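Notes follow the structure.
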Amino acid sequence: MAHFSTPDAPRFSVEVYQNEYLPTGGREVNAIITVTSAGGGATARRPVPAPGVHDSAPGQGGAPARAAVVIMVDCSGSMNYPPTKMHHAREATAAAIDTVREGVAFSVVAGTHKAVEVFPGNGRLAIADPLTRAQAKEALRDLRPGGGTAIGTWLLLADELFGSTDATIRHGIVLTDGRNEHEEPHRLRAVLNACAGRFTCDARGVGTDWEVEEVTAIAAALLGTADIVADPAGLAADFTRMMETAMGKEIADVSLRLWTPKGAEVAYVKQVAPTVEDLTARRTEAGPRTGDYPTGSWGDESRDYHLCVKVPAAEVGQEMLAARISLVQQPPDGVGSPPSPLAQGLARAVWTDDLAVSTAMNPQVAHYTGQAELAHAIQQGMNARKSGDAEQATAKLGRAVQLATASGNEDTAKLLAKVVDVLDAAAGTVRLKAKVAEADEMTLETRSTKTVRVKK
């Protein structure tokens, strides 16, 4: 395990958990990679510009913000049903604005079938201070429900606004209460592809009239979080937590870099904690037998990744380096100096004829293999339930209950219990509930990828 750090930046570490022993002819190497960053705080110590100064505005002397955030609020006509929904959205946005740290660049966008800057409204971002926060909250009075929903348009405006700042950490928040009905699905996918790597984004669905797949797709593509706020009254607390997390980010554009030896191939790379996200298809080549997988921005936190590499088969007694795992920070815009190394770890392969040694599964690998299966079982079970296949739904959701119970994933087990009657949790014996609240169903689907770490 190697550590690297730069002044005023978080210190990263990489720990690799695996059973490196393979049977004769064995090819598959599995490892859990725990990445931890700690000890940042650079953003909190940056000079605070003069009150009201806009980021990088011509003729003004404020220092460029290191972080920027754009809040995108759904203002479509459905936000008026009930009218309190829009009221809670304004309250939540105001709470988020209050949580924006001094010196951070920010903006508020009203989203309908088009995107409109609510604050500051000049094609740039404001710098957070007591004056601009007060002005922004006053501008929220202009948020009025009416029109359709085209989330891709909101994201494109956010991208333009981020382009007006030199901030390295760029984070969006999307709130929607309905389906993306005024935009073709391929249009939203194209926008997400264009924005990936340019900023991160959290997505929230309020109420129960939005599409889980749309909201989770936004978060997955832009390396953020997705969740449901079934009761609009809970928006302010949720927005405050989201903004607090965003304000804790200290280093952006971090990638997991994998080097593998000649003849080896990466089968998959998945984030497995705090949520399951498959990063395999997001690889970008970074040199001979080397690829980068994006992880977004980091603060003081820890995440786990599951790496599976297929290596050339070898004889008993031979050993090889199966993968070199590095954390690197990408240079701005992908040009200029090479990526900065942040931490490094190694995955090995050793061939043995000791069956007991080679068949023992590392506890971390076993745990996260189960967590990934849990998420998949929930998704399959809920899809079967919607299509009317009661037998398949019962089997898959029963397996999910069994996995959640065995792994200690109590939160997921509680969500499952709102969809099925659990007869025997250990055996995975369940019965589908005749009636399920729509909010409970959507909550289970939205949070199905959340995992727990290995029990100590």
Side-chain angles (χ1 to χ4, degrees), residues 74 76 78-79 81-82 84-85 88-89 149 151 174-181 185 188 202-220 224-235 237-238 241-242 274-277 370-405 407 409-425 428-452:
D74 191 338
S76 61
S78 57
M79 287 292 286
Y81 301 99
T84 53
K85 192 187 292 183
H88 287 303
T149 305
I151 299 175
V174 166
L175 171 70
T176 183
D177 82 321
R179 296 168 177 83
N180 201 42
E181 293 176 331
L188 178 57
D202 293 325
R204 293 294 185 269
V206 59
T208 57
D209 293 328
W210 48 278
E211 288 287 346
V212 171
E213 288 185 5
E214 288 177 351
V215 169
T216 55
I218 293 168
T225 64
D227 207 350
I228 179 175
V229 185
D231 183 353
L235 278 174
D238 186 76
R241 286 191 297 270
M242 269 195 296
T275 59
V276 177
E277 295 290 349
Q371 291 292 283
E373 184 188 350
L374 168 60
H376 190 51
I378 291 173
Q379 291 159 4
Q380 287 184 314
M382 294 305 286
N383 287 338
R385 184 177 175 277
K386 289 178 184 178
S387 67
D389 188 343
E391 183 178 353
Q392 175 78 344
T394 302
K396 293 298 181 181
L397 294 175
R399 176 59 175 158
V401 167
Q402 185 180 40
L403 289 165
T405 302
S407 64
N409 195 331
E410 296 177 1
D411 289 343
T412 299
K414 290 176 182 177
L415 294 176
L416 283 162
K418 294 183 178 181
V419 176
V420 297
D421 292 317
V422 180
L423 306 180
D424 186 334
T429 306
V430 302
R431 180 175 55 233
L432 296 181
K433 287 184 180 292
K435 293 184 178 181
V436 178
E438 192 171 13
D440 291 335
E441 179 180 316
M442 294 177 70
T443 301
L444 176 60
E445 288 185 273
T446 307
R447 299 178 184 173
S448 64
T449 59
K450 291 189 176 182
T451 59
V452 293

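The shown structure was predicted, so the numbers you read here are calculated from the model rather than taken from an experiment.
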Problem - Residues Asn409, Leu374; criterion side chain to side chain contact (heavy atoms under 4.5 Å, CB included); working and verdict - result: CA-CA 10 Å; Asn409 195 331; Leu374 168 60; 3.7 Å; yes

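- Within the 4.5 Å cutoff, the side chain of Val419 has heavy atoms near those of the Arg385 side chain.
- Between atom CG of residue Asp389 and atom CG of residue Asn383 there is a gap of 11.0 Å, rounded to the nearest 0.5 Å.
- Thr275 places none of its side-chain heavy atoms less than 4.5 Å from the side chain of Thr451.
- Annotation for Ser407 and Val452: closest pair O-CG2, 3.7 Å, computed over non-hydrogen atoms.
- Looking at heavy atoms from C-beta onward, Trp210 lies in side-chain contact with Thr446 at the 4.5 angstrom threshold.
- A side chain to side chain contact (heavy atoms under 4.5 Å, CB included) with Val420 is found for exactly one of Val430, Leu444, Thr394, Val436, namely Val430.
- With hydrogens and angles ignored, the 3.5 Å screen pairs no side-chain donor or acceptor of Lys396 with any backbone N or O of Gln392.
- For the pair Leu415 and Arg447, the minimum side-chain heavy-atom distance is below 4.5 Å.
- Between the side chain of Glu277 and the backbone N or O of Ala220, no donor-acceptor pair lies under 3.5 Å.
- A donor-acceptor pair is defined here as one N or O able to donate and one able to accept, closer than 3.5 Å; no such pair exists between the side chain of Glu445 and the backbone of Gln379.
- Between the side chain of Asp424 and the main chain of Thr429, no donor-acceptor pair closer than 3.5 Å is present.
- Closest non-hydrogen pair, Thr449 versus Ala375, comes out as CA-CB, 4.1 Å.
- To the nearest 0.5 angstrom, Ile228 atom CD1 is 11.0 Å from Asp238 atom CG.
- Looking at Lys418 and Lys414, their side chains never come closer than 4.5 Å, going by heavy atoms from C-beta outward.
- Note that CE of Met79 is 10.0 Å distant from NE2 of His88, once rounded to the nearest 0.5 Å.
- Leu432 and Ala393 make their closest contact through CD1-CB, 4.0 Å (heavy atoms, listed as atom of the first residue, atom of the second, distance).
- To the nearest 0.5 Å, atom CD of residue Glu373 and atom CG of residue Leu403 are 4.5 Å apart.
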Practice task
Take Thr149 and Glu181 through the test side chain to side chain contact (heavy atoms under 4.5 Å, CB included) and record every step on the way to the result.
Solution key: CA-CA 6 Å; Thr149 305; Glu181 293 176 331; 5.6 Å; no

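- For the side-chain hydrogen bond (donor to acceptor under 3.5 Å, both in side chains) with Arg204, the qualifying choice from Thr225, Asp74, Asp177 is Thr225, the only one to do so.
- Ile151 CD1 to Ile218 CD1: the interatomic distance, rounded to the nearest 0.5 Å, is 4.5 Å.
- Of all non-hydrogen atoms in Ala425 and Thr405, the two that sit nearest each other are CB-OG1, 3.5 Å.
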Handout entry: Worked check of side chain to side chain contact (heavy atoms under 4.5 Å, CB included) between Asp411 and Lys450
Key = CA-CA 9 Å; Asp411 289 343; Lys450 291 189 176 182; over 6 Å; no

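- Considering CG of Leu416 and CE of Met382, their distance stands at 8.5 Å, rounded to 0.5 Å.
- The heavy-atom pair separating Val229 from Gly234 by the smallest distance is CG1-C, 3.8 Å.
- The existence of a salt bridge linking Asp421 and Lys433 is confirmed by a sub-4.0 Å separation between a basic side-chain nitrogen and an acidic carboxylate oxygen.
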